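Lettering follows sequence order; numbering is per chain, from 1. As the structure is a computational prediction, the values presented were derived from the model and not from experiment.
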Amino acid sequence: VAARGADVARGDAGADPGGGLRDAAAAADPEPAEAAGGVLQQGGAAAPAGGPAPGGRQPCGAGRELHVGGAGRRHAGAGAAGKGPPHPPSRLPAAGSHPPLTLCPQLGIRISLSHEKEPLGTAGPLALARDLLAEDGEPFFVLNSDVICEFPFAALAQFHRHHGGEGSLVVTRVEEPAKYGVVVSEPDTGRICRFVEKPRVFVSNKINAGLYIFSPGILQRIQLRPTSIEKEIFPAMAQEGQLYAMELQGFWMDIGQPKDFLTGMCMYLQALRAQHPEKLHSGPGVVGNVLVDPSAKIGANCVIGPNVTIGAGVVVEDGVRIKRCTVLEGARIRSHSWLESCIVGWSCSVGQWVRMENVTVLGEDVIVNDELYLNGANVLPHKSISESVPEPRIIM
Amino acid sequence: MPLKAVILIGGPQKGTRFRPLSFEVPKPLFPVAGVPMVQHHIEACAKVPGMKEILLMGFYQPHEALSRFLVSAQQEFKIPIRYLQEYAALGTGGGIYHFRDQILSGGAGAFFVLNADVCSEFPLQEMLEFRQQHGDAHSFVILGTTANRTQALNYGCIVANADTQEVQHYVEKPSTFVSEIINCGIYLFTPAIFQHIGEVFQRNQQELVLEESSNGWQRAEVIRLEQDVFTALAGSNKLYVYKTDGFWSQIKSAGSAIYASRLYLNQYSKSHPERLAQNKPGGPIIRGNVYIHPTASIDSTAVLGPNVSIGEGVTVGAGVRVRESIVLHGASLHDHTCVLNTIVGWDSTIGRWARVEGTPSDPNPNDPYAKIDSETLFRDGRLTPSITILGRSHLHPAPHSEAPFRLTPHALSAGCSVTIPAEVVILNSIVLPHKELSRSYKNQIIL
């Protein structure tokens with residue numbers, strides 16, 4: 001999976017409340033000691049194919065190499081929340097660490113970083129990493145980091161080899177296709193006839209799920225300049241009959257916005273219940289699907305869940321009710337508070353008798369005073385909240 | 001010199017800004033700082049040496065709660081207390097005029113008249129001494145206090161001679177600024193006042209005779225002390241104002257009941273320290289001034305105060321937070337609830353983790369003379385943020401204006417109260433009786 005370690009410190013998080021909530025300094029790019037626009041290679045010997053896979057994902061079919069770079073899909077240029085969806089705790093690197101170095105020994109693969117000095121869109125970064133990608137002449141996966149699903153890498157690789165075309169992408173069915181890139185394909189072969197980005201009239205309810213596999217030949221189509229793969233590369237490939245669609249099984253969610261992040265979290269937990277129920281938390285006061293890091297502490301008389309994830313070192317004091325929330329590492333929720341549909345950022349402190357709801361998002365190190373009511377508040381990092389926010393707004 | 005006191009308690013047609021709380025109980029009996037509103041007046045009157053009798057005057061129908069209150073108040077304060085029922089709403093002057101014989105019986109040399117819907121330090125002894133030093137044996141005294149220039153327009157305004165304190169000019173609720181000294185609704189009269197009221201009465205009768213169409217509602221006996229008597233008496237060396245800096249507030253709306261509670265609770269540290277809850281091992285955490293009825297049951301992990309009154313038989317569960325609120329008798333607050341700036345009605349239930357919150361309507365704390373706003377319910381087409389009130393539901397139909405209140409026996413109230421379900425938020429809302437809520441509400445009157 002392409003992580004975002006290098007590119008978190010984007011300036012244009014702008015109006016997207018999902019972006020910029022991670023303190024840029026803490027997640028800074030490890031060693032920028034490379035030539036402009038060049039590529040960093042980090043150590044670790046190549047491991048045998050098919051190393052152990054994290055969580056419920058399928059092993060990387062094609063490769064033992066992981067190239068990290070590029071931008072998220074719809075939010076190109078926006079810093080993601082830094083960590084993507086919550087992983088099973090044992091795999092999550094510590095905040096602020098250098099992800100590539102610690103992931104290597106665990107996964108047994110080589111990880112490289114390609115750093116864009118200026119945003120190159122969704123296709124340009126592939127041209128930037130051209131040498132790495134075309135190195136062994138094998139097809140390569142391209143993934144958007146702000147997508148969560150049951151990644152079907154093996155099936156996708158096989159599908160791609162079978163049709164022999166230049167590119168394959170995964171499609172999924174959604175209720176509101178106009179928000180995405182819509183795909184029209186032949187039912188039996190999967191060959192894509194048309195590719196329409198954010199159509200204004202209904203075309204199809206299958207959309208581009210943001211997971212691709214390409215043969216290296218595609219790199220000849222992409223120049224080193226800001227380029228959109230959806231708008232500029234795919235339509236031409238579709239016209240030439242070189243683009244194929246494979247339908248995704250299981251859940252899918254674009255988690256770039258906090259509201260969708262929480263929905264995606266719920267879907268992920270549901271899948272986890274089906275595949276690895278032993279990883280979910282159980283006990284008195286636990287309702288539904290709840291994931292709790294072993295180092296977190298939960299007090300007496302709490303009711304946690306359904307659909308809650310609690311990160312490392314989190315402290316939840318007595319009498320707290322949490323529903324449909326993500327609580328990130330190091331946060332503290334003080335007693336008798338009530339949280340629903342919230343994202344509580346790293347190291348936050350939520351006071352006693354606080355009520356937070358309606359996709360309230362707290363950035364890193366936010367303090368919420370006792371007895372306040374936050375309704376849809378989006379709070380940027382390091383703020384201290386001393387007054388209630390009864391109607392949704394952004395607090396800078 | 002024998003003294004008497006008359007407390008004007010109004011009637012069901014008055015005090016409508018106090019609804020829905022006044023549906024349940026006559027406003028003068030509404031508990032403020034743990035005791036009925038008018039008990040503060042009675043206590044202050046009973047303390048004055050020479051006080052012979054206290055007369056409550058109003059146009060409520062005879063009523064069980066009122067009678068019971070009178071009986072217990074007489075026992076507690078050891079002074080005769082009677083209720084004189086006006087046959088109709090006679091105004092602040094008409095009632096005392098109608099009952100003048102009762103007031104003067106026993107040779108009363110002077111008598112106080114107090115409005116029930118004010119909250120005050122009641123400097124009655126000081127008013128008596130002031131009267132001895134100013135004017136003559138027949139002078140009258142109005143208690144006055146200072147307001148700020150804008151808010152003074154909402155009250156009776158008094159212009160007084162700086163040396164003699166004689167009232168030179170009086171106007172009720174002027175539209176332009178007249179004076180910052182306002183009428184507190186507490187007066188000290190001598191029997192001579194009835195002569196002046198009588199003159200107004202005569203004048204009214206003559207005017208009515210002259211008018212060809214008689215408006216049914218306009219009676220000659222309706223006399224307003226402020227507009228009809230004081231305005232005429234000003235400038236005639238008969239009316240004086242005693243200015244006080246002690247605390248004073250009107251109690252017109254539910255929000256002002258919470259503010260008045262705070263003022264009286266503050267006073268308790270001197271006058272009734274036994275009424276203030278203390279921090280004790282095994283008891284709830286008390287912050288600031290808190291009144292807890294002895295029969296209330298409070299979990300030791302609850303945090304109460306400042307400015308909280310907990311009524312009879314209330315249960316407060318684990319980890320509950322109550323601040324700036326009045327919890328009326330029989331209510332039940334379940335675990336982890338948070339109640340702020342709210343009046344929780346009789347026998348209401350608030351479910352676990354619910355949040356019930358109003359907006360304080362306190363006067364500007366930076367202005368020593370600011371008074372509480374007599375807020376309008378709507379402003380600019382939107383409901384003014386205000387104290388959240390939970391009324392009580394009961395099996396009887398809504399009160400009719402002729403039978404203004406019905407006291408539901410306790411057996412019926414069990415299980416019939418307004419219930420707030422668990423985990424919701426009720427913000428700036430008024431919940432009328434008969435309502436069972438099933439979700440969160442904000443800024444609404446829930447009928």
Side-chain angles (χ1 to χ4, degrees), chain A residues 284-288 298-308 315-325 327 332-342 344 350-360 368-377 385-393, chain B residues 284-285 287-288 298-308 316-325 333-342 350-360 362 382-388 420-429 439-444:
Chain A
V286 175
V287 176
I298 301 188
N301 301 319
C302 292
V303 179
I304 311 287
N307 294 317
V308 174
V315 174
V316 177
E317 293 186 0
D318 297 344
V320 171
R321 177 88 183 86
I322 308 182
K323 292 196 277 204
R324 206 170 179 274
C325 293
V327 182
R332 171 180 283 261
I333 316 288
R334 305 207 48 220
S335 47
H336 314 299
S337 287
W338 186 93
L339 277 59
E340 181 179 39
S341 293
C342 300
V344 179
V350 174
Q352 296 182 292
W353 291 288
V354 167
R355 181 183 175 98
M356 295 185 1
E357 59 182 353
N358 194 21
V359 194
T360 283
V368 179
N369 287 359
D370 297 341
E371 301 165 30
L372 297 184
Y373 170 51
L374 268 56
N375 173 24
I385 306 296
S386 54
E387 276 182 359
S388 287
V389 181
E391 291 303 318
R393 67 185 176 98
Chain B
I285 298 171
R287 296 190 186 158
I298 319 276
D299 189 278
S300 61
T301 56
V303 180
L304 306 180
N307 186 17
V308 168
V316 174
V320 170
R321 181 81 184 93
V322 184
R323 195 183 81 205
E324 296 286 335
S325 295
L333 309 186
H334 291 180
D335 295 348
H336 317 299
T337 54
C338 185
V339 175
L340 311 174
N341 297 302
T342 293
I350 306 189
R352 290 195 313 168
W353 279 296
R355 180 184 181 96
V356 184
E357 180 179 8
T359 301
D362 291 0
R382 307 181 67 208
L383 190 62
T384 313
S386 63
I387 301 294
T388 284
I420 305 294
E423 302 189 32
V424 301
V425 57
I426 309 294
L427 181 64
N428 295 334
S429 295
R439 60 172 178 87
S440 295
Y441 284 90
K442 294 180 200 165
N443 304 307
Q444 290 191 34

**Q** Which atoms of Glu340(A) come close to chain B, meaning under 4.5 Å heavy atom to heavy atom: side chain ones, backbone ones, both, or neither?
**A** neither
**Q** What pair of heavy atoms forms the shortest contact from Ser440(B) to Arg355(A), and how long is it?
**A**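 Heavy atoms only, the tightest pair is OG-NH2, 3.8 Å.
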**Q** Which region of Asp318(A), side chain (C-beta onward) or backbone (N, CA, C, O), has a non-hydrogen atom less than 4.5 Å from a non-hydrogen atom of chain B, or is it both or neither?
**A** neither
**Q** Report yes if the side chains of Leu340(B) and Tyr373(A) come closer than 4.5 Å at any heavy-atom pair, otherwise no.
**A**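 No, every pair of side-chain atoms sits at 4.5 Å or beyond.
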**Q** Mind checking whether Glu357(B) and Pro390(A) have side chains closer than 4.5 Å, heavy atoms only?
**A**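 No. Closest side-chain heavy atoms not under 4.5 Å.
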**Q** Chain B heavy atoms under 4.5 Å from Glu317(A): which part of the residue, side chain, backbone, both or neither?
**A** neither
**Q** Is the shortest distance from a Lys or Arg side-chain nitrogen in Glu423(B) or Lys323(A) to a carboxylate oxygen in the other one below 4.0 Å?
**A**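 Yes.
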**Q** Any side-chain heavy atom of Arg321(B) within less than 4.5 Å of one from Asp370(A)?
**A**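 Not touching, per the 4.5 Å side-chain cut-off.
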**Q** Rounded at 0.5 Å granularity, tell me how far CZ in Arg321(A) sits from CG in Asp335(B).
**A**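 So the gap between those two atoms works out to 13.5 Å.
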**Q** At a 4.5 Å cut-off on heavy atoms, which part of Val320(B) comes close to chain A: side chain, backbone, both, or neither?
**A** backbone
**Q** Can Arg323(B) and Glu371(A) be said to form a side chain to side chain contact (heavy atoms under 4.5 Å, CB included), step by step?
**A** CA-CA 10 Å; Arg323(B) 195 183 81 205; Glu371(A) 301 165 30; 2.4 Å; yes
**Q** Tell me, with the steps shown, if Trp353(A) and Val303(B) meet side chain to side chain contact (heavy atoms under 4.5 Å, CB included).
**A** CA-CA 10 Å; Trp353(A) 291 288; Val303(B) 180; 3.3 Å; yes
**Q** Quick check on the interface: out of Asn301(A), Leu372(A), Asn375(A), who has the most heavy-atom pairs with chain B under 4.5 Å?
**A** Leu372(A)
**Q** Taking side chain as everything from C-beta outward and backbone as N, CA, C, O, which of these in Ser337(A) sits under 4.5 Å from a heavy atom of chain B? Side chain, backbone, both or neither.
**A** backbone
**Q** Measure distances from Val320(A) to the heavy atoms of chain B and classify the residue's part below 4.5 Å as side chain, backbone, both or neither.
**A** backbone
**Q** Are there more than 12 heavy atoms of other residues, nucleotides or ligands under 6.0 Å from atom CZ of Arg352(B)?
**A** no
